[in-house]
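Take a look at the structure below.
Please read all numbers here as calculations on a predicted model, not as lab measurements. Position 1 is the first residue of the sequence; numbering continues from there.
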Amino acid sequence: MKKIWKPIGFIFVLVCLLVASSFLIAHKGFEDVYDIELVKRKMKATDQEEENSLDVLFTGDSESSNTFSPFQYWKEEGIASYNLGGSAQRINDCYAVLEYVLQRQSPKVVVLEPNTLFRKNAIYNKEDVVLMMAEKVFPVLHHHNAYKSINLGVNLIGASNENAYADLCKGYYPRSKVRPYKGSNQYMKTNQRETTIYPETMEYFEKIVDLCKEHNIELIMVSSPSPKNWSNERHDVIANLCEKYGIVYYDLNEIDDTLGLDWSKDTLDYGDHLNKAGATKVNTYLGKLLKDTYDIPDHRGESAYDIWDQQEAQLNLY
């Protein structure tokens, strides 16, 4: 009889722990969020910006956060912007952060880096029904980095030093490490990449489209150069999607020669993400494009933006 009660007792304790931990992390308003820690950190960081001070917002996964540098746009073009992207960020989390930020900001342009659209499902993995039900019953099994959202004291488990530095850089991760890409320069033609966009992903993409329309914001898509992630097939999927929704699409993979990218020096991790050297080349091109095409104001010299010069000087990024 004792042998029977031991596994029953273990299961009971396990269920209690799952219920308790799920209660701690399943905060109201975050039901549709996958990475609570990332979303909360982005919300808190953007709260430091002056109300209605940002003209451009960037969002997406790490292809966004490792590419678009607000302080470079500021120094070269006087553009006030913020990078809302994050590592492995799914489209539903892009939406959650963007919806929050638009309560205080009125940007002219939102730039979506579309690699996030190819991530597997937006919230739940519906291909595994048992796992999906378990995640819904016990949110702690589902939410990425959920344990970090439990307050265990002053920064005991908070954001890493790298995340904290990215917050100072207005969401951009300046990484200088070099791991060369040694594959074909014709990667757009030779790559075979998954091109499926899942229904839940489309649902949140359409929410972002509607949100931008509601706030009279120009939504555009910009693919950051990435030999690991991009192909002609993916380009066509995004181009057709943009045509359907009336969105302008810039695929910077198609002009890497114009950008002057050197894949032996300009990639952080074998052609997945740009390092700081590669991102700098991309941002010089994109900053000018944004300013000239979308009539983004140059705020340099305005007293309300003196803090930008001070922050940039302290970071000494460029």
Tyr250: partners by ring-ring contact (aromatic ring centres under 6.0 Å, His included), with sequence neighbours left out
none
Can you name the ring-ring contact (aromatic ring centres under 6.0 Å, His included) partners of Tyr245, sequence neighbours left out?
Phe205
Run the side-chain donor-acceptor check on residues 210-225: report pairs under 3.5 Å with partners two or more places apart or on a different chain.
| unit_1 | atom_1 | unit_2 | atom_2 | d |
| --- | --- | --- | --- | --- |
| Ser223 | OG | Tyr249 | OH | 2.7 |
| Ser224 | OG | Thr67 | OG1 | 2.8 |

Report the residues that fulfil side chain to side chain donor-acceptor pair (under 3.5 Å) with [X], sequence neighbours left out, ordered by chain and then residue number.
X      : value
Asn253 : Tyr187, Asp251
Asp262 : Ser264
Asn52  : Ser106
Asp47  : Tyr100

Quick one: closest heavy-atom pair of Pro174 and Tyr172, and the distance?
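Here Pro174 and Tyr172 meet closest at CD-O, 3.2 Å.
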Please list, chain by chain and in numerical order, all residues satisfying salt bridge (charged side-chain N to carboxylate O under 4.0 Å, His left out) with [X], sequence neighbours excluded.
X      : result
Arg175 : Glu162
Arg300 : Asp298
Glu77  : Lys291

Could you list all the salt bridge (charged side-chain N to carboxylate O under 4.0 Å, His left out) pairs where at least one residue sits in residues 272-287, not counting sequence neighbours?
Lys228-Asp272, Asp266-Lys281
Please list all pairs passing the salt bridge (charged side-chain N to carboxylate O under 4.0 Å, His left out) test where one or both residues lie in residues 100-112, with sequence neighbours left out.
none
Compute both the distance and the angle, then confirm whether Lys75 meets the cation-pi test with Trp308: under 6.0 Å from the six-membered ring centre, within 45 degrees of the axis.
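Pair Lys75/Trp308 does not count as cation-pi.
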